[in-house]
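Position 1 is the first residue of the sequence, and the numbers go up from there. Computed from heavy atoms alone, side chains included, the values below leave out hydrogens, waters and symmetry copies.
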Amino acid sequence: MSDTPTTSSGRRSAAVAPLIPRTAVVPAAGLGTRFLPATKTVPKELLPVVDTPGIELVAEEAKSAGAERLLIITSPGKDGVVAHFVEDLVLEHTLAARGKESMLAKVRNAPSLLEVASVIQESPLGLGHAIGCVESELADDEDAIAVLLPDDLVLPGGALGRMAAARARYGGSVLCAIEMPSDEISAYGVFDVEDDPQDPDIKRVRGMVEKPAPEDAPSNFAAAGRYILDRKIFDALRQIEPGAGGELQITDAIALLIEQGEPVHVVIHEGTRHDLGNPGGYLKAAVDFALDRDDYGPALRAWLEQRLAKD
Ligand code: UTP
């Protein structure tokens with residue numbers, strides 16, 4: 001049977017992709033210690049990939065996937081992160097008066113993407129704790145949230161849409177995984193999975209191991225920073241105990257959901273990721289994005305070739 005929906009007039013309409021949750025949550029209240037001293041005063045989410053902060057790239061991804069609202073979790077004193085999404089009329093008028101149309105378009109992009117709200121996490125008590133802070137901001141009919149970690153760029157776009165389709169089919173929570181080579185797997189959270197006979201790109205999650213030794217890794221599927229979490233995650237977060245460093249881990253809450261029999265799946269993303277949370281990963285992202293740009297790419301490529309020839 002075709003799964004193309006039929007309209008009330010009896011005519012077939014084009015298949016409609018399931019919507020991702022209305023609210024895209026972006027946790028940005030961490031300390032960013034791996035990026036000190038820069039992050040002493042500059043939030044790592046505002047560090048530019050070429051000229052655009054990582055958090056703006058992630059907001060664009062949420063918008064393209066169909067989210068309506070960006071809910072930024074921030075910490076006391078990190079006001080710049082939310083300010084980036086607020087119109088700056090003085091700057092806009094100055095650019096307009098000077099005829100700087102392309103700069104004006106760049107400045108207007110972030111505030112025009114999505115409705116933006118924020119919630120404060122008073123202390124950096126872990127990603128799980130941060131996500132727990134958003135529950136009271138949700139409407140009663142929001143039965144799931146999307147979570148996008150702003151220091152993880154998942155390329156190309158489209159992962160959230162496939163995750164929403166998986167949730168529409170299986171219910172529960174859906175995470176994103178990228179297959180990594182065995183010698184790199186120890187840097188990540190790794191999924192213990194069971195194949196789905198109907199779809200090689202979706203797997204049921206049995207468990208998760210944080211940063212395993214290569215010989216102990218249950219698979220080569222590493223967690224990427226994209227989640228669609230059923231609202232039941234908030235009950236699970238209330239039930240778990242803080243782990244290392246007194247932090248509430250989101251992986252512990254997801255493990256509890258699995259234990260309670262809730263469906264948890266991963267969508268295998270065919271693509272790459274950049275970890276903007278450490279200088280090494282950030283530099284790779286900046287070079288990767290710059291090489292693709294018409295304005296900076298050719299000169300950077302020529303310089304890199306010369307520079308590498310010297311080694
Ligand atoms: P990370 O562990 O990558 O960020 O958390 P961090 O803690 O800022 O970085 P390091 O380890 O000290 O260098 C992933 C995401 O979760 C957010 C971070 O801001 C980041 O976007 N986070 C983490 C919170 O919002 N609150 C927390 O308590 C911890």
Legend entry - Residue pair Ile258, Met208: steps toward the side-chain contact (heavy atoms from CB on, under 4.5 Å) verdict: CA-CA 10 Å; Ile258 296 170; Met208 210 178 157; over 6 Å; no
Legend entry - By side chain to side chain contact (heavy atoms under 4.5 Å, CB included) - contacts of Ala24 (at least two apart):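 Ala24 satisfies side chain to side chain contact (heavy atoms under 4.5 Å, CB included) with Ala62, Ala67, Leu70, Leu148 only.
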Does some side-chain heavy atom of [Y] sit less than 4.5 Å from a side-chain heavy atom of [X]?
{"X": "Val287", "Y": "Leu304", "result": "yes"}
{"X": "Ile228", "Y": "Ser173", "result": "no"}
{"X": "Arg98", "Y": "Met103", "result": "no"}
{"X": "Ile254", "Y": "Val264", "result": "yes"}
{"X": "Leu127", "Y": "Leu149", "result": "yes"}
{"X": "Val266", "Y": "Val174", "result": "no"}

Backbone N/O of [Y] and side chain of [X]: donor-acceptor pair under 3.5 Å:
{"X": "Arg167", "Y": "Gly172", "value": "yes"}
{"X": "Arg226", "Y": "Leu175", "value": "no"}
{"X": "Arg69", "Y": "Val116", "value": "no"}
{"X": "His274", "Y": "Leu283", "value": "no"}
{"X": "Ser123", "Y": "Leu125", "value": "no"}
{"X": "Arg273", "Y": "Ala223", "value": "yes"}
{"X": "Asp201", "Y": "Ile268", "value": "no"}
{"X": "Lys44", "Y": "Gly277", "value": "no"}

Legend entry - Trace of the side-chain contact (heavy atoms from CB on, under 4.5 Å) decision for Val209 with Asp216: CA-CA 9 Å; Val209 187; Asp216 298 331; over 6 Å; no
Over all heavy atoms of both residues, which pair between [X] and [Y] is shortest? Give the atoms and the distance, please.
{"X": "Leu104", "Y": "Glu92", "value": "CD1-O, 3.4 Å"}
{"X": "Ala217", "Y": "Ile185", "value": "CB-CG2, 4.0 Å"}
{"X": "Gly225", "Y": "Asp152", "value": "N-OD2, 2.7 Å"}
{"X": "Leu276", "Y": "Pro150", "value": "CD1-O, 3.9 Å"}
{"X": "Val49", "Y": "Ala285", "value": "CG1-O, 4.0 Å"}
{"X": "Lys78", "Y": "Ala28", "value": "NZ-O, 2.8 Å"}

Inset, instruction - Please name the residue in the list Leu138, Val134, Leu229 that meets the side-chain contact (heavy atoms from CB on, under 4.5 Å) test with Val25. - result: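 Only match with Val25 under side-chain contact (heavy atoms from CB on, under 4.5 Å): Val134.
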Inset, instruction - Step by step, work out the side-chain contact (heavy atoms from CB on, under 4.5 Å) result for Glu61 and Leu155. - result: CA-CA 10 Å; Glu61 180 188 340; Leu155 305 164; over 6 Å; no
Inset, instruction - Starting from the C-alpha separation in whole Å, work towards a yes-or-no answer on side-chain hydrogen bond (donor to acceptor under 3.5 Å, both in side chains) for Glu142 and Thr23. - result: CA-CA 8 Å; Glu142 291 187 87; Thr23 299; 2.5 Å; yes
As an exercise, state the distance from [atom1] of [X] to [atom2] of [Y], rounded to the nearest 0.5 Å.
{"X": "Ile250", "Y": "Ile131", "atom1": "CD1", "atom2": "CD1", "answer": "4.0 Å"}
{"X": "Glu259", "Y": "Asp252", "atom1": "CD", "atom2": "CG", "answer": "10.0 Å"}
{"X": "Leu256", "Y": "Lys232", "atom1": "CG", "atom2": "NZ", "answer": "12.0 Å"}
{"X": "Gln249", "Y": "His129", "atom1": "CD", "atom2": "NE2", "answer": "12.5 Å"}
{"X": "Asp288", "Y": "Asp292", "atom1": "CG", "atom2": "CG", "answer": "6.0 Å"}
{"X": "Met180", "Y": "Asn220", "atom1": "CE", "atom2": "CG", "answer": "9.5 Å"}

Between [Y] and [X], do the side chains contain a donor N or O and an acceptor N or O under 3.5 Å apart?
{"X": "Arg169", "Y": "His265", "value": "no"}
{"X": "His84", "Y": "Glu56", "value": "yes"}
{"X": "Gln260", "Y": "Gln239", "value": "yes"}
{"X": "Thr74", "Y": "Gln121", "value": "no"}

Check for me, please, whether [X] and [Y] land in the same ILVMFWY cluster - side-chain distances under 4.5 Å, paths through other members count.
{"X": "Ile145", "Y": "Ile72", "result": "no"}
{"X": "Leu291", "Y": "Leu57", "result": "no"}
{"X": "Ile240", "Y": "Phe234", "result": "yes"}
{"X": "Tyr227", "Y": "Val267", "result": "no"}
{"X": "Phe289", "Y": "Leu47", "result": "yes"}

Inset, instruction - Walk me through it: do Asp88 and Val90 pass the test side-chain contact (heavy atoms from CB on, under 4.5 Å)? - result: CA-CA 6 Å; Asp88 182 338; Val90 176; 3.9 Å; yes
For [X], I'd like to know if atom [atom1] has over 12 heavy atoms of other residues, nucleotides or ligands within 6.0 Å.
{"X": "Glu215", "atom1": "CD", "value": "yes"}
{"X": "Asp140", "atom1": "CG", "value": "no"}
{"X": "Arg293", "atom1": "CZ", "value": "yes"}

Legend entry - Test of ring centre spacing under 6.0 Å for Tyr282 and Phe35: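 When the ring centroids of Tyr282 and Phe35 are compared, they turn out to be within the sub-6.0 Å range.
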Acceptor/donor pairs from residues 186-194 side chains to any protein atom, 3.5 angstrom cut, sequence neighbours excluded:
from	atom 1	to	atom 2	distance (Å)
Ser186	OG	Pro212	O	2.9
Asp192	OD1	Arg206	NE	3.4
Asp192	OD1	Arg206	NH2	3.1
Glu194	OE1	Arg204	NE	3.2
Glu194	OE1	Arg204	NH2	3.4
Glu194	OE2	Arg204	NH2	3.4
Glu194	OE2	Arg206	NH1	3.3

Inset, instruction - State whether Asp141 and Arg22 are salt-bridged, where the test is any N-O pair (Lys NZ or Arg NE/NH1/NH2 against Asp/Glu carboxylate O) under 4.0 Å. - result: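 A salt bridge links Asp141 with Arg22.
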Inset, instruction - Would you please test Asp235 and Arg238 for salt bridge (charged side-chain N to carboxylate O under 4.0 Å, His left out) and show each step? - result: CA-CA 5 Å; Asp235 285 331; Arg238 274 186 283 275; 2.8 Å; yes
